[in-house]
Trainee: 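Pasting a structure here, questions to come.
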Amino acid sequence: MMPARHFISLLDLSSDEFRSLISRATDLKNTRNPDFQPLKGQVLAMIFEKSSTRTRISFETGMSHFGGSAIFLSPRDTQLGRGEPLEDSARVISSMVDGIMLRTFSHQTVTTFAKYSSVPVINGLTELLHPCQLLADMQAYFEHQGDISGKTVTWVGDGNNMCHSYINAARVLDFKLNIACPVGYEPNKEIVDAAGSRITVYNNTELAAKNSDLIVTDVWASMGQEEEQKKREIAFKDFQVNSKLMDIANNDALFMHCLPAHRGEEVTAEVIDGAQSIVFDAAENRLHAQKALLELLLAH
Ligand code: CP
Ligand code: NVA
């Protein structure tokens with residue numbers, strides 16, 4: 001039997017595959033055909049160690065549109081929460097379902113699952129990466145402005161899982177990425193170094209926003225960092241996306257945020273609810289982009 005194909009990182013896709021996936025996602029969005037059921041009878045297990053609105057709903061709806069179904073599993077109600085080894089859980093669950101999506105704290109939980117799973121494993125967010133969000137964000141960018149190759153993107157804020165996935169997207173789709181983050185909150189050095197000269201890390205938002213075609217940010221404290229909220233509010237106070245920063249970027253620059261957002265912290269209401277913001281297009285695209293991903297990984 002062929003080993004299963006996983007989606008743990010954007011680096012699991014070639015540039016051509018990423019672009020085809022975006023174009024397929026846009027086709028699926030524009031022409032919904034209820035009779036097209038490439039995953040009829042297939043089941044996706046979804047393991048969530050953390051909360052989710054978009055990821056859960058988009059995967060569950062996507063499976064349903066394609067004639068399959070999804071099972072929501074919380075560690076609280078499964079033996080995972082009582083310490084059953086990941087290796088055993090991955091073997092057992094993958095012997096019964098056709099795909100497994102996980103949202104976990106540790107990235108290693110997802111890579112261990114992938115190692116022991118006989119079916120495709122999809123990363124639905126870890127502390128290190130959030131690749132599914134980038135499929136949707138890139139689809140939204142392509143839909144508004146065309147191919148992102150050669151463009152300049154500015155990341156503002158924490159060097160977190162979303163930032164790492166933007167770095168990987170810059171590699172696969174070949175764009176320039178300026179990162180502005182407070183000292184001590186820079187992204188993982190290995191991930192930055194592997195992306196080479198496309199990436200420039202600043203500790204200042206205005207320098208990073210110059211000539212930018214897309215400004216992106218995320219919450220100051222991610223899931224699991226709630227107790228650092230106060231400390232982070234101080235560290236990140238100069239790292240807000242506001243109209244002044246948007247004015248430094250190119251005139252037709254877009255704004256994105258994976259959501260949920262904290263208006264008045266990492267972004268002002270004026271920007272996120274303004275004309276340059278495409279956050280809700282990107283959020284909707286989670287459904288379409290992941291349907292294209294499920295088709296790529298699960299349809300035979
Ligand atoms: N952007 C995102 O992944 O949202 P959820 O946490 O709601 O899934
Ligand atoms: N960086 C955020 C993204 C949420 C979708 C987190 O990990 O909580």
Side-chain angles (χ1 to χ4, degrees), residues 7-10 25 44-63 70 72-75 100-110 122-141 155-169 177 179-182 185-188 191 214-229 231-233 235-236 239-241 255-263 265-267 272 277-291 293-294:
F7 180 66
I8 309 294
S9 150
L10 293 170
L44 179 73
M46 306 191 300
I47 298 168
F48 282 95
E49 287 180 2
K50 301 175 180 177
S51 307
S52 168
T53 296
R54 281 146 285 266
T55 305
R56 177 177 177 180
I57 296 170
S58 53
F59 272 112
E60 206 163 320
T61 304
M63 285 303 293
F72 174 80
L73 298 163
S74 140
I100 305 175
M101 194 284 310
L102 294 101
R103 167 167 287 194
T104 61
F105 287 94
S106 158
H107 187 70
Q108 222 193 323
T109 302
V110 172
I122 298 172
N123 179 357
L125 181 148
T126 66
E127 273 165 357
L128 194 71
L129 298 173
H130 192 9
C132 288
Q133 183 68 44
L134 263 289
L135 302 180
D137 282 17
M138 291 299 103
Q139 183 192 345
Y141 188 89
W155 174 267
V156 177
D158 196 12
N160 65 10
N161 45 10
M162 276 296 299
C163 178
H164 294 150
S165 289
Y166 264 89
I167 298 171
N168 286 341
L177 180 65
I179 298 170
C181 46
Y185 294 93
E186 290 89 356
N188 177 304
I191 297 178
L214 169 65
I215 307 266
V216 195
T217 191
D218 188 9
V219 288
W220 290 341
S222 284
M223 289 183 277
Q225 298 172 333
E226 289 78 7
E227 76 291 351
E228 293 179 32
Q229 177 68 29
K231 181 179 121 190
R232 283 172 172 262
E233 279 173 19
F236 285 84
F239 290 79
Q240 182 188 62
V241 180
F255 171 76
M256 273 197 242
H257 186 309
C258 63
L259 305 176
H262 293 176
R263 287 170 176 76
E265 291 185 22
E266 74 275 6
V267 61
I272 196 169
S277 171
I278 55 167
V279 295
F280 295 109
D281 289 350
E284 180 193 325
N285 284 346
R286 293 293 304 276
L287 170 64
H288 312 298
Q290 286 159 205
K291 281 172 75 176
L293 177 70
L294 288 166

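Atoms within each ligand, like the ligands themselves, are counted from 1 in listed order.
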Trainee: Answer with yes or no after comparing the ring centroid distance for Tyr185 and Phe236 against a 6.0 Å cut-off, counting only values under it.
Mentor: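 They qualify: ring centres under 6.0 Å apart.
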Trainee: What protein heavy atom sits nearest atom 4 (C) of ligand 2, and how far away is it?
Mentor: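 Protein heavy atom with the smallest distance to atom 4 (C) of ligand 2: Leu125 CD1, 3.9 Å.
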Trainee: Give me the nearest non-hydrogen protein atom to atom 7 (O) of ligand 2 as residue plus atom name, then the distance to 0.1 Å.
Mentor: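 Looking only at protein heavy atoms, the one closest to atom 7 (O) of ligand 2 is Asn161 ND2, 2.8 Å.
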Trainee: Residues two or more places apart in sequence or in another chain: which of them pass side-chain hydrogen bond (donor to acceptor under 3.5 Å, both in side chains) with Gln225?
Mentor: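 side-chain hydrogen bond (donor to acceptor under 3.5 Å, both in side chains) check on Gln225 returns nothing, list empty.
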Trainee: Say you draw a straight line from NE2 of His262 to CD of Gln229; how long is it, rounded to the nearest 0.5 Å?
Mentor: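 Interatomic distance, His262 NE2 to Gln229 CD, rounded to 0.5 Å: 6.5 Å.
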Trainee: Select all protein residues for which some heavy-atom-to-ligand 1 distance is less than 4.0 Å, and list them by chain and number.
Mentor: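 Under the 4.0 Å cut-off, ligand 1 touches Ser52, Thr53, Arg54, Thr55, Arg103, His130, Gln133, Cys258, Leu259, Arg286.
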Trainee: Is it the case that ligand 2 has an N or O less than 3.5 angstrom from some N or O of Lys50?
Mentor: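 No - when backbone and side-chain N and O of Lys50 are compared with those of ligand 2, no distance drops under 3.5 Å.
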Trainee: Please identify each residue that fulfils ring pair (Phe, Tyr, Trp, His ring centres under 6.0 Å) with Phe280, with sequence neighbours left out.
Mentor: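 Partners of Phe280 by the ring pair (Phe, Tyr, Trp, His ring centres under 6.0 Å) criterion come out as none, since no residue qualifies.
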Trainee: Identify, for atom 3 (C) of ligand 2, the protein heavy atom at the shortest distance, and state residue, atom and that distance.
Mentor: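 So the nearest neighbour among protein heavy atoms is Asp218 OD2, 3.7 Å.
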Trainee: Heavy-atom distances under 4.0 Å are what count here, so tell me which part of Leu259 touches ligand 2: side chain, backbone, both or neither.
Mentor: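 Contact part for Leu259 vs ligand 2: backbone (N, CA, C, O).
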Trainee: So which heavy atom in the protein is nearest atom 8 (O) of ligand 2, and how far is it from that ligand atom?
Mentor: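 Going atom by atom, the protein heavy atom closest to atom 8 (O) of ligand 2 ends up being Met223 N, 2.8 Å.
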Trainee: Please walk me through it: do Ile179 and Tyr166 pass side chain to side chain contact (heavy atoms under 4.5 Å, CB included)?
Mentor: CA-CA 10 Å; Ile179 298 170; Tyr166 264 89; over 6 Å; no
Trainee: In Å and rounded to the nearest 0.5 Å, what is the CG to CG distance from Asn160 to Asp218?
Mentor: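 Here the rounded value is 4.5 Å.
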Trainee: If you draw a 6.0 Å radius around CD in Gln108, do more than 12 non-hydrogen atoms from other residues or ligands fall strictly inside?
Mentor: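 No, because the 6.0 Å sphere around CD of Gln108 holds 12 heavy atoms or fewer from other groups.
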Trainee: Among all residues two or more places apart in sequence or in another chain, which pass the side-chain hydrogen bond (donor to acceptor under 3.5 Å, both in side chains) test with Asp281?
Mentor: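 So Asp281 forms a side-chain hydrogen bond (donor to acceptor under 3.5 Å, both in side chains) with His144.
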Trainee: With atoms numbered from 1 as shown, which atoms in ligand 2 lie under 4.0 angstrom from a non-hydrogen atom of Asn160?
Mentor: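 By the 4.0 Å cutoff, the relevant atoms are 1 (N).
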Trainee: Go through the steps for Arg286 and Ile57 under the test side chain to side chain contact (heavy atoms under 4.5 Å, CB included), then give the verdict.
Mentor: CA-CA 9 Å; Arg286 293 293 304 276; Ile57 296 170; over 6 Å; no
